[in-house]
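None of these values were measured; they are calculated from a predicted model. Computed from heavy atoms alone, side chains included, the values below leave out hydrogens, waters and symmetry copies. This chain uses plain numbering: 1 for the first residue, then up along the sequence.
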Amino acid sequence: MLLDVLHETVIDSLKLLPFLFAAYLAIEFIEDRAEEKTVALVHRAGRWGPVLGAALGVIPQCGFSAATANLYAGGIITRGTLLAVFLSTSDEMLPILLSSSAPAPLILKLLGYKALAGIVLGIAVDTAAAKLGCERKKNIHEMCEQEHCRCEDGIFKSALRHTIKIFAFLFAVTFVLNLLVEAVGPETLGAFVLNRPVIGELLGGVIGLIPNCAASVVLTTLYLEGVMSGGAMLSGLLVGSGVGLLVLLRMNRDWRDNLVTAGLLYAGGVVFGLLADVLHIV
C-alpha cells in the first residue's frame, strides 16, 4: 500500500509542476517589469474577473487552482476571481465522467452549473467588498519578501526556487493525505453523505475541503453508482479545489483572510448544492 500511495503522490505532484512554474514565472515577471500595468489591467477588468476565472477553472487540472492561489497571495487577482476558479474547477470529475460514458447533456450541465456558481459568488463577493470598502490591499513585493526569493538572480531562477519550495511542501502534505484516504477508504468517506438530505450537502462540502484530488474521485464515483444525490455531490465538487486551498494556506500568511476565503467557499458550495437539489439540476 505504501508504495502505491507513494507512486500516486509522485504522479499527482508532478502534474502540478508546469502550472506552479508558470504561475511563479508570471509573478516574477510582473514583480520585476510589469506590476503597475498588470494590476491596472486586472483592476479595469472589474466584475469580469470572476467570469474569466470561472471559464478557465472548468479546465480539468488541479494545477490551475494552485496557480490562481499564488496569484491571489501576490495581490494580483481578487478574492471573487479566486473563488470563481475554486468553485468552477472540475478537478477529476470530468475525466471520471468521460471514462464512465456519462451522457453528454449531464456533463455539460454539471460544468455549466459549476461555472455559473463561480461567476455568481465571485461577482457577489467582489461587489460586496467594493461597496463595504474592504477590498484586499496587498502588494506583490510582500510575497516576494516573505519568501526571500533573491530576485536579483533573475526571474527564471527565482521562479524555479519558488516552485521547488512549494512542490516539496505539497508533496509531503499530499502524501500524508493520500495515506489517510487509503487507510479510511473511499467507501467510508462516501458513506457519510448517503441518503441524508441537507446533511448530505453539508457533509459533502466538508469532504470537498480535503485538499486532494481524491475527494472529487470519491464524490463523482458514488454519484454515478447512484448512492449519492446530485446536490451532495455538487456541494463537495464545488467546495473542492484540488490543492488550491493548500497552496493558499502556504503562500498567504494572513490566516484570517484564509479563513474568510475558506468559509465563503464552503458556504457557497453548500448553498449551490442545495439549490441544485431543489431545482433538480442533476
Side-chain angles (χ1 to χ4, degrees), residues 1-25 27 57 59-73 82 85-86 89-96 99 143 146-149 159-193 203-222 236-253 255 258-259 261-262 265-266 269:
M1 180 185 78
L2 189 61
L3 289 177
D4 290 338
V5 172
L6 180 60
H7 179 264
E8 180 183 349
T9 303
V10 170
I11 297 300
D12 289 343
S13 300
L14 287 176
K15 288 178 181 178
L16 297 175
L17 273 177
F19 292 92
L20 290 174
F21 182 71
Y24 282 122
L25 196 59
I27 289 172
I59 299 171
Q61 290 287 344
C62 299
F64 188 66
S65 64
T68 50
N70 278 300
L71 297 178
Y72 175 76
L82 177 68
V85 173
F86 279 7
T89 186
S90 61
D91 207 3
E92 299 298 326
M93 178 195 77
L94 184 55
I96 292 175
S99 63
M143 189 178 78
Q146 88 178 16
E147 292 298 305
H148 311 292
C149 67
L160 184 61
R161 191 177 297 114
H162 277 306
T163 301
I164 292 173
K165 287 173 65 176
I166 195 65
F167 176 81
F169 172 77
L170 288 174
F171 181 85
V173 176
T174 302
F175 180 65
V176 173
L177 287 172
N178 281 341
L179 279 177
L180 290 174
V181 171
E182 188 69 25
V184 174
E187 296 80 8
T188 303
L189 284 176
F192 283 118
V193 293
L203 294 177
V206 171
I207 292 179
L209 284 173
I210 299 173
N212 188 283
C213 297
S216 61
V217 174
V218 171
L219 293 165
T220 307
T221 301
L222 290 173
L237 292 177
L238 285 164
V239 175
S241 57
V243 295
L245 267 182
L246 201 59
V247 174
L248 182 65
L249 293 173
R250 169 63 179 80
M251 298 307 300
N252 185 21
R253 302 295 175 84
W255 63 270
N258 290 335
L259 282 177
T261 300
L265 177 65
Y266 177 77

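Closest heavy-atom contact between Leu248 and Tyr72: CD1-CD2, 3.5 Å. Taking every heavy atom of both residues into account, Leu219 and Leu237 meet most closely at CD1-N, 3.8 Å. For Tyr266 against Val206, the heavy-atom pair with the smallest separation is CE1-N, 3.5 Å. For the pair Thr68 and Ser65, the tightest heavy-atom approach, listed with the atom from each and the gap, is OG1-O, 3.0 Å.
Between the CG atom in Asn70 and the CZ atom in Arg250 there is a gap of 9.5 Å [rounded to 0.5 Å]. How far CG of Leu265 is from CG of Leu209: 6.5 Å, rounded to the nearest 0.5 Å. Atoms CG and CE, from Asn258 and Met251 in turn, are 11.5 Å apart once rounded to the nearest 0.5 Å. The OG atom of Ser241 lies 8.0 Å from the CG atom of Leu82; values are rounded to the nearest 0.5 Å.
With contacts defined as side-chain heavy-atom distances shorter than 4.5 Å, the pair Asn252/Val247 does not qualify. No side-chain heavy atom of Phe86 sits less than 4.5 Å from a side-chain heavy atom of Val239.
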